[in-house]
Amino acid sequence: MVSMNQSVFLNLVTAVEPCDDVECCGFFFGQENANHRMITKVMPVNNSAKDKRAQFEIASGDYLNAERLASKENMQLLGVYHSHPNHPAVPSEYDKKAAQPYFSYIILSVMKKKVEDVRSWRLDGDSELKEEEIEITKIIN
Amino acid sequence: MATVIIPTPLRKFTGNSSRVTIKANKVSDVVQELTTNFPDLRKHVINSDGKIASFINVFVDNDDIRSLNHEQTEVRENSTISIIPAIAGGMC
């Protein structure tokens, strides 16, 4: 399961809603305890793919920065998010082929600049992306 | 000894170590030593020809080895070698 509070979730939504005709992407960080991942930070990065309407790629420099930030702030780099404009939040064949071990992959379906669905996926073994539950927690003052 | 930074997704294959030190003169030696010490890393780092896989980028300090001398890039005692998995995907 992956969890995040409403504020972090809003950061995620805000990062992708402007992207109505291209895929937006980024990293997220937090802590892992047993099989529970708590996301505490989101880091949008540039989509460096040639065809941004249907693909995303993250440059090596941005990846290095994400690893360095995780190390500096004592967080885990937990995974990658990207948007699917006008498509469901399910992994494509390309998503499955490119998936890395360990990482959670959050996919946000964006329809007319509104996030309509958010789902998370993680490799089970080496080959299959399986869905994992997402929990959005309330902030209690 | 050069320091190799293991990316988060591959740390489960190095006993959760994020850094490994290796004595080597060039990048190909680093990869050879690394995958010998951690055999489960092999299929995630090198291809069937024993070369660095196309979906892996390697930096020596802040430079991509593709802009240097590829696998023959020199490694010094104080070099930091970063192994970077390609992060990509999308609707098609």
Side-chain angles (χ1 to χ4, degrees), chain A residues 22-27 29 32 45 47-64 66-68 70-71 75-105 107 109 121-123 126 129, chain B residues 2-21 27 30-31 34-35 38-48 52-68 70-71 73 79-92:
Chain A
V22 296
E23 296 201 15
C24 284
C25 55
F27 294 102
F29 308 83
E32 182 176 37
V45 296
N47 177 358
S48 62
K50 283 181 183 163
D51 182 5
K52 294 178 175 54
R53 290 173 304 170
Q55 295 178 353
F56 80 95
E57 286 179 25
I58 295 179
S60 296
D62 286 331
Y63 183 84
L64 272 181
E67 287 279 13
R68 286 170 180 161
S71 178
M75 303 179 293
Q76 281 291 112
L77 178 53
L78 293 173
V80 176
Y81 72 84
H82 71 281
S83 61
H84 278 181
N86 304 309
H87 278 73
V90 295
S92 66
E93 286 305 311
Y94 186 24
D95 287 327
K96 292 174 189 171
K97 192 177 166 190
Q100 295 291 329
Y102 179 79
F103 275 169
S104 290
Y105 285 86
I107 302 177
S109 172
W121 309 81
R122 198 186 326 177
L123 272 183
D126 279 340
L129 275 175
Chain B
T3 301
V4 183
I5 309 289
I6 309 297
T8 300
L10 301 186
R11 286 178 193 162
K12 71 176 187 175
F13 306 115
T14 61
N16 285 325
S17 293
S18 59
R19 290 166 178 258
V20 175
T21 53
V27 167
V30 170
V31 173
L34 189 65
T35 54
F38 302 103
D40 290 344
L41 268 181
R42 286 187 71 86
K43 70 176 177 180
H44 298 282
V45 174
I46 59 179
N47 63 24
S48 56
I52 296 171
S54 59
F55 49 82
I56 289 289
N57 301 307
V58 178
F59 275 47
V60 174
D61 299 319
N62 287 313
D63 296 313
D64 190 332
I65 62 167
R66 294 190 182 105
S67 68
L68 300 172
H70 299 264
E71 295 189 26
T73 299
S79 295
T80 299
I81 295 106
S82 301
I83 294 173
I84 303 169
I87 305 296
M91 295 182 296
C92 64

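Letters A, B, ... are given to chains in the order of the sequence lines, protein chains preceding strands, and every chain is numbered from 1.
- Between Glu67(A) and Arg11(B) a salt bridge is recorded (basic side-chain N to carboxylate O distance below 4.0 Å).
- Between the side chain of Glu23(A) and the backbone N or O of Met91(B), at least one donor-acceptor pair lies under 3.5 Å.
- The OG atom of Ser71(A) sits 8.0 Å away from atom CD1 of Ile5(B), with the distance rounded to the nearest 0.5 Å.
- Shown here is His87(A), whose NE2 atom has no more than 12 heavy atoms of other residues, nucleotides or ligands within 6.0 Å.
- For Arg19(B), the CZ atom counts as loosely surrounded, since its 6.0 Å shell holds 12 or fewer non-hydrogen atoms of other residues, nucleotides or ligands.
- Closest approach of Pro9(B) and Pro101(A) over heavy atoms only: CB-O, 3.1 Å.
- Proximity to chain B involves both the backbone and the side chain of Ile58(A), based on heavy atoms less than 4.5 angstrom apart.
- Annotation: the span from Gln76(A) atom CD to Thr8(B) atom OG1 amounts to 6.0 Å, rounded to 0.5 Å.
- Interface remark: Pro85(A) contributes backbone and side-chain atoms alike to the contact with chain B (heavy atom separation under 4.5 Å).
- Applying the ring pair (Phe, Tyr, Trp, His ring centres under 6.0 Å) rule to His44(B) yields the partners Phe13(B); only residues at least two apart in sequence or on another chain are considered.
- For the residue pair Ala86(B) and Gln100(A), the shortest heavy atom distance occurs at O-NE2, 3.3 Å.
- Contact annotation for Phe56(A): both backbone and side-chain heavy atoms come within less than 4.5 Å of a heavy atom of chain B.
- For the options Ala49(A), Ala98(A), Ser60(A), Gly79(A), heavy-atom pairs under 4.5 Å to chain B are most numerous at Ser60(A).
- For Tyr105(A), the ring pair (Phe, Tyr, Trp, His ring centres under 6.0 Å) criterion is met by no residue, not counting sequence neighbours.
- Within the 4.5 angstrom heavy-atom criterion, only side-chain atoms of His82(A), from C-beta onward, approach chain B.
- Interatomic distance, NZ of Lys97(A) versus CZ of Phe55(B), reported as 10.0 Å (0.5 Å rounding).
- The two residues His84(A) and Gly90(B) have their closest heavy-atom pair at NE2-C, 3.9 Å.
- Between Ser82(B) and Tyr63(A) there is no side-chain heavy-atom pair separated by less than 4.5 Å.
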